[in-house]
Enquirer: 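Right, I'll just put the structure down here and ask away after.
In what follows, every chain begins at residue 1, and chains take the letters A, B, ... in the order their sequences are listed.
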2 protein chains.
Amino acid sequence: MVSKTPDIPAEIEIPDEISGLRMTRQRQEVYRTLMQQRNHPTANDVFMRVKDRLPHISLATVYNCLEALVQHGIIRQVNFERESSRYCPNLSEHGHFHDATTGVIHDVDFKPGVNLADVLNLPPGAVIDDVEITLRGKLASA
Amino acid sequence: MVSKTPDIPAEIEIPDEISGLRMTRQRQEVYRTLMQQRNHPTANDVFMRVKDRLPHISLATVYNCLEALVQHGIIRQVNFERESSRYCPNLSEHGHFHDATTGVIHDVDFKPGVNLADVLNLPPGAVIDDVEITLRGKLASA
DNA sequence: ATCAATATCAAGAACTATTCCAATTATAAT
DNA sequence: ATTATAATTGGAATAGTTCTTGATATTGAT
Ligand SMILES: [Mn+2]
Ligand SMILES: [Mn+2]
Ligand SMILES: [Zn+2]
Ligand SMILES: [Zn+2]
């Protein structure tokens with residue numbers, strides 16, 4: 001039983017080049033996978049997925065692709081504790097909520113008009129380049 | 001030249017048992033090191049430090065001690081990206097600012113009376129058990 | 001189209017932080 | 001003292017990731 005109903009239908013159009021990065025077949029498929037599978041998969045998750053379309057791809061190449069995409073700001077790498085890195089195509093500034101019961105990772109948007117200095121006692125003169133917010137907890141089931 | 005002026009003078013009094021955890025000599029020294037060296041050292045940093053006082057301690061033991069202390073809520077483990085874990089004896093709820101130029105990690109306190117729901121669009125029904133805020137940037141040198 | 005220069009890929013080896021394991025030692029309970 | 005339990009040690013094992021090297025592919029001149 002090989003055929004499966006794909007849960008996400010559409011083909012995604014990916015240009016030949018994104019912000020100076022050559023979009024090879026491998027990079028396209030890695031990127032496509034992240035766009036379709038928006039649950040923050042690990043490199044290995046992506047690897048297994050991409051193999052359906054590129055049976056000869058190697059895990060090292062998936063790592064290379066992910067790194068290239070991250071470096072060019074096309075996707076983001078997200079880490080939870082010491083677990084394997086996960087990858088996220090959501091480029092809007094957001095944090096992550098890790099549901100302890102289901103294991104699902106939810107994107108959490110920042111409310112508009114909030115700035116960090118309102119919330120945190122930053123060291124004087126600090127210029128923030130990057131913010132990472134990670135929450136752990138449970139979703140009330142009822 | 002073995003003698004050194006200690007930059008932090010006082011001996012720290014550590015009880016025999018903290019919140020049900022037996023405070024062995026090794027755990028005491030690991031904890032003492034963290035209290036004295038408050039710059040978020042790695043397990044290996046702690047190991048090298050503790051060896052001055054316990055020359056026979058092993059790295060595995062340092063890891064064991066750190067884990068025990070973390071588990072009992074006596075210290076916190078903090079992670080940056082995929083770097084080695086760091087350890088922090090500051091139990092007040094706080095985040096971390098990583099100065100890119102010096103590499104120094106600063107504790108960042110939350111402003112009083114702020115709650116996350118003001119700042120983030122949490123998924124409905126989310127109960128937050130743990131928050132982790134990490135900032136990267138630079139400190140204006142002037 | 002041909003060629004040289006450059007970039008990417010694949011496979012496996014190497015690396016490193018951390019954990020596991022088995023044997024020994026220390027502590028606690030009786 | 002004896003026994004049971006917990007902690008420590010040193011080394012081996014693990015796992016995620018990175019590195020290396022040779023093969024392929026792509027680009028940009030000629
Ligand atoms: Mn997974
Ligand atoms: Mn260090
Ligand atoms: Zn995300
Ligand atoms: Zn801290």
Enquirer: A/R86 has an atom CZ; how far is it from atom P of D/dA15, in whole Å?
Expert: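 Going from A/R86 (CZ) to D/dA15 (P), I get 17 Å.
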Enquirer: Between D/dT8, C/dC20, C/dA10, spot the one nearest the side chain of B/A60, thanks.
Expert: C/dC20
Enquirer: So A/H96 and A/F80, would you call those rings parallel, tilted or perpendicular, with 30° and 60° as cut-offs?
Expert: perpendicular
Enquirer: Are OP1 or OP2 of D/dT17 and a side-chain N or O of A/S85 less than 4.0 angstrom apart?
Expert: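 So the side chain of A/S85 is within the cut-off, an N or O lying under 4.0 Å from OP1 or OP2 of D/dT17.
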Enquirer: Please report, rounded to the nearest Å, how far the C1' atom of D/dA7 is from the CD atom of B/Q26.
Expert: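 Rounded to whole Å, this separation is 8 Å.
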Enquirer: What does B/N64 touch in the nucleic acid at a heavy-atom separation under 4.0 angstrom: a base, only the sugar-phosphate, or nothing?
Expert: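 It contacts base atoms.
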Enquirer: Mind calculating the distance between CZ (B/F47) and C1' (D/dT8) to the nearest angstrom?
Expert: 13 Å
Enquirer: Select from B/V62 and B/R82 the residue whose nearest nucleotide in DNA chain D is closer to the 5' end of that strand.
Expert: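 Whichever sits nearer the 5' end wins; that is B/V62.
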Enquirer: Any side-chain N or O of A/T24 under 4.0 Å from OP1/OP2 of D/dA25?
Expert: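 Answer is no, no contact under 4.0 Å.
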Enquirer: How is B/E83 classified with respect to the nucleic acid when contacts are heavy atoms under 4.0 Å: base, sugar-phosphate, or nothing?
Expert: nothing
Enquirer: If you apply the rule side-chain contact (heavy atoms from CB on, under 4.5 Å), what do you find for A/M48 with A/L59, and how did you get there?
Expert: CA-CA 9 Å; A/M48 292 186 309; A/L59 178 56; over 6 Å; no
Enquirer: Taking atom C1' of C/dT16 as reference, at what distance in whole Å does atom CG of B/L59 sit?
Expert: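 Going from CG in B/L59 over to C1' in C/dT16 covers 12 Å.
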Enquirer: Side chain of B/S84, heavy atoms from C-beta onward: which of D/dT17, C/dA11, C/dT18 has the nearest atom to it?
Expert: C/dT18
Enquirer: Angle between ring planes, B/H106 versus B/F97, binned at 30° and 60°: parallel, tilted or perpendicular?
Expert: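 The arrangement is tilted - the two ring planes meet at 30° to 60°.
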Enquirer: Could you tell me whether B/T61 contacts a base, only the sugar-phosphate backbone, or nothing, with contacts defined as non-hydrogen atoms closer than 4.0 Å?
Expert: base
Enquirer: Specify the residue among A/I57 and B/Y63 whose closest nucleotide of DNA chain C lies further upstream toward the 5′ end.
Expert: A/I57
Enquirer: So, A/R76 side chain and A/S92 main chain: donor-acceptor pair closer than 3.5 Å or not?
Expert: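 Such a contact is found between A/R76 side chain and A/S92 backbone.
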Enquirer: Quick one: A/N44 CG to D/dT18 P, roughly how many Å, whole number?
Expert: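 Value for this atom pair: 14 Å.
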Enquirer: Checking side chain to side chain donor-acceptor pair (under 3.5 Å) between A/D129 and each of B/H98, B/R136, B/K138, which is the one that passes?
Expert: B/K138
